[in-house]
Amino acid sequence: VQLQASGGGLVQAGGSLRLSCAASGSIFTINTMAWYRQAPGKGRDLVAAITSGITNYADSVKGRFTISRDDAKHTVDLQMNSLKPEDTAVYYCKADVMFYNGRDIGSGSYWGLGTLVTVSS
């Protein structure tokens, strides 16, 4: 299973970006899909997660970010509006996946490579 994230970049404060992440491989189903971020010198924190249509957001992004997923395509998106300089970070997608391993069903958590979001003031 692999996750590929895209959509990062440089944006001015108040602007918008949309991150996308696609999972590929012998996927049976995906439970939780989420976005995390890691600012310079800090730990990796949960930004938003979605499980069976139920969403969960960090307080710092509520009302500004929206997470969505397409189960048929195994993708998860993060629409980020009203961006602030403090949103600057490397953003990572994560998926809790059940997959075919040739004999039966396995499970695991997978991370995509990060995508950098830089918000200028």
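Sequence positions, counted from 1, serve as the residue numbers for this chain.
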Applying side chain to side chain contact (heavy atoms under 4.5 Å, CB included) to L78 and F65, what does each step give before you reach the verdict? CA-CA 7 Å; L78 185 69; F65 290 11; 4.1 Å; yes
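- Here the side chains of V11 and T118 are not in contact, with every heavy-atom distance at 4.5 Å or above.
- V76 places none of its side-chain heavy atoms less than 4.5 Å from the side chain of I30.
- By the 4.0 Å N-to-carboxylate-O rule, D87 lies too far from K84 to be salt-bridged with it.
- The line from OG of S26 to CG of N101 is 9.0 Å long, rounded to the nearest 0.5 Å.
- Looking only at atom types and distance, the side chain of T75 has no donor-acceptor partner in the side chain of D70 under 3.5 Å away.
- Between Q79 and D77, the side chains place no donor N or O within less than 3.5 Å of an acceptor N or O (distance only, hydrogens not considered).
- The CD atom of Q38 sits 12.0 Å away from atom OH of Y91, with the distance rounded to the nearest 0.5 Å.
- When all heavy atoms are compared, the tightest approach of L3 to A23 is CD1-CB, 3.9 Å.
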Between T29 and F99, does the side chain to side chain contact (heavy atoms under 4.5 Å, CB included) criterion hold? Intermediate values first, please. CA-CA 7 Å; T29 191; F99 55 88; over 6 Å; no
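- Considering all non-hydrogen atoms of both residues, S121 and A13 come closest at CA-CB, 4.3 Å.
- To the nearest 0.5 Å, atom CD of residue Q12 and atom OG of residue S120 are 5.0 Å apart.
- With hydrophobic clusters built from ILVMFWY side chains whose heavy atoms lie under 4.5 angstrom apart, M80 shares a cluster with Y57.
- Looking only at distances, a side-chain donor or acceptor of T115 sits under 3.5 Å from a matching main-chain atom of G8.
- In this structure, T51 and M33 have side chains that are not in contact, with every pair of non-hydrogen atoms separated by 4.5 Å or more.
- Checking S109 against D96 by side-chain atom types alone, a donor-acceptor pair falls below 3.5 Å.
- Within a 6.0 Å radius of CG in L116, more than 12 heavy atoms belonging to other residues, nucleotides or ligands are found.
- Hydrophobic clustering of Ile, Leu, Val, Met, Phe, Trp and Tyr side chains at less than 4.5 Å, counting indirect connections, unites Y110 with I50.
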Please step through side chain to side chain contact (heavy atoms under 4.5 Å, CB included) for the pair F28 and Y100, ending with a clear verdict. CA-CA 6 Å; F28 177 68; Y100 301 102; 3.0 Å; yes
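- The closest side-chain heavy-atom distance from V61 to R37 is below 4.5 Å.
- Counting only N and O atoms by type, the side chains of R44 and Y36 include no donor and acceptor under 3.5 Å apart.
- Considering only heavy atoms from C-beta on, N56 comes within 4.5 Å of L46 through its side chain.
- From L19, atom CG reaches atom OH of Y92 across 13.0 Å, with rounding to the nearest 0.5 Å.
- One distance of note links CZ of R69 with OG1 of T32; it measures 7.5 Å at 0.5 Å rounding.
- Taking each heavy atom of S16 and N81 in turn, the nearest pair found is OG-OD1, 2.9 Å.
- Shown here is Q4, whose CD atom has no more than 12 heavy atoms of other residues, nucleotides or ligands within 6.0 Å.
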Audit row: K94, W35, side chain to side chain contact (heavy atoms under 4.5 Å, CB included) steps and yes/no: CA-CA 6 Å; K94 180 188 175 191; W35 288 93; over 6 Å; no
